[in-house]
Number of protein chains: 2
Amino acid sequence: MAKKTYLPHLAYDSVIFGFSDGELKILIMEYHNTGLFALPGGFVQTNENLNDAVLRGLHERTGITNIYLEQFYTFGDMARFKPEVMQTLLEANGIDVKGEYKWMLDRFVTVAYYALINYKDVTPRPDALSDSCEWYPIKKLPKLILDHKLIVEKAIQTLRDNLDRKLVGGNLLPKKFTMNELQKVYEAILSVKLRRTTFQRKMLAADVLKRHEKQFLGKAHKAPYLYSFKK
Amino acid sequence: MAKKTYLPHLAYDSVIFGFSDGELKILIMEYHNTGLFALPGGFVQTNENLNDAVLRGLHERTGITNIYLEQFYTFGDMARFKPEVMQTLLEANGIDVKGEYKWMLDRFVTVAYYALINYKDVTPRPDALSDSCEWYPIKKLPKLILDHKLIVEKAIQTLRDNLDRKLVGGNLLPKKFTMNELQKVYEAILSVKLRRTTFQRKMLAADVLKRHEKQFLGKAHKAPYLYSFKK
DNA sequence: TCATTATTGTCTCAATTTGTAACAATAATA
DNA sequence: TATTATTGTTACAAATTGAGACAATAATGA
């Protein structure tokens, strides 16, 4: 088998959103023996579509296929070129930075994507260089390397801007969900409290939801309907 | 002086919007002796910010500085890798494709930007490889190379999506303009007729316009106010 | 068995925003 | 000085959204 070769100077990073305990969370990796935290990312093979590279990486990290994925910005400032960070990272793994992996110390332009996934579908897997790949609430992120904090902020901003227009909130939930669960997702993304009746009316009027059977949870009150997104 | 070196495999393309005769137009270049049309684009120097590379290219092509510029998507499919196109282009200029310019036949990922400029401020300048750099109405574009048509369509779509949110229409006009001129810009971008009174009310309520003196054009009716954008 | 409790789906009415038309106020013209 | 075309503003209707009320449940427990 031919050795995989990657496009030099080009990377991708992914902001993978999940929702649990009423909070919006993202997957963050911690590198071996360094205390350094970063977004899951990777490189693009020379004969591979950019989008496919990202899907491949996401699959490796989460085990999921069929992911809602959106490209939102490409970061190309010189300020993000800090070879000493990557060097620390490689050396902590006993890799000779003068050898085969020398190219990883070069300047990189990174294409950033965000993904929306159902929290429960995922078993995060660290890669060869990392200790862990774990969920962090967006309000309690560890310090991230390079410009990854900026990338996360831009991802959240774009998600907010797209939320109403694309009605993508449902991608953070299981196939079927209650109106209340959907509302909590919207509230977590927008960081605001929404009015129950107005939210319900808007979602129903948008004509994107299909109503299913009721969900009986054994609680002493009326059971809510389950919904799924149409199509 | 050290020779300029560029990041391999990485390019940018710019969709430069202007407005005249009630139409939205973009700048298209025609390459020497080929009949090939393309978006103005370029490459990123190894020690240069990505955004600065685009601004540099825009300045070279239009003579303008201080341009409203927005990055909107990065195109990285293998389908856009067609070395024969670039080869045609270079050979038509008598350039040996086995020599110094060999790297231009490689696969490229391109970061696409759109710019909004005042039509009158521009004297389009072709570059070394092109015959012309001219305005074309977006509804009457020539056939473009590679995926440049797709890039233009995505630029227009993004511009439409951002128009209300960012109120950027004014960047296509001179500093001072009448409400009617501004409305015509919005109509051209959105491809719809807008209602005069509603448009005026909305723009004034948005509190982004500053009202100046009236504009007397010698017409037999009330003269409109001139406006500029605040800040 | 039947009132109690918490939450849901829907309805009502008020408040706000938007659609639509009317109208008075011009700048030039004839 | 009446006429013309276009402008800025107002007035009212229509549509949308805000805010609360209320009946309809599922369980609970006296």
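Throughout, a chain's letter reflects where its sequence line sits, starting with A, and its residues are numbered from 1. Both backbone and side-chain heavy atoms feed into the values below; hydrogens, waters and symmetry mates do not.
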Counting primed atoms, P, OP1 and OP2 as sugar-phosphate and everything else as base, the B/S/- map of nucleotides 21-30 of chain D against protein heavy atoms under 4.0 Å is B--BBBB---

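Considering only side-chain N and O atoms, A:R195 lies under 4.0 angstrom from the phosphate OP1 or OP2 of D:dA19.
Salt-bridge check for A:K202 with A:D164: passed, with a basic side-chain N closer than 4.0 Å to an acidic carboxylate O.
Rounded to an integer number of Å, the gap from CD of B:Q200 to C1' of C:dA21 is 15 Å. For the pair A:K193 NZ and D:dA19 C1', the computed distance is 16 Å after rounding to whole Å. C:dT8 atom P lies 13 Å from atom OH of A:Y225, rounded to whole Å. Taking atom CG on B:L204 and atom P on C:dT17, their separation rounds to 15 Å, with Å as the unit. If you take CZ of B:R201 and P of C:dA21, they are 13 Å apart, rounded to a whole angstrom. In this structure, CZ of A:F199 is placed 15 Å from P of C:dT10, rounded to the nearest angstrom. Atom C1' of nucleotide C:dG9 and atom CD of A:Q215 are separated by 16 Å, given to the nearest angstrom. Following rounding to the nearest Å, B:K184 (NZ) and D:dT7 (C1') show an atom-to-atom distance of 13 Å.
Taking the centre of each ring, B:F177 and B:F229 come in below the 6.0 Å mark.
Counting only distance, with no hydrogens or angles, the side chain of A:Q183 and the backbone of A:L194 share a donor-acceptor pair below 3.5 Å. Formation of a donor-acceptor pair under 3.5 Å by the B:R107 side chain with backbone atoms of B:M78 is not found in this model.
Counting atom types as modelled, A:R211 pairs no side-chain N or O with a base atom of C:dG9 as donor and acceptor under 3.5 Å.
Among residues two or more places apart in sequence or in another chain, the side-chain contact (heavy atoms from CB on, under 4.5 Å) test is passed with A:A155 by A:V15, A:F17, A:F72, A:Y114.
Counted by atom type alone, A:D161 and A:T158 present zero donor-acceptor pairs between their side chains at under 3.5 Å.
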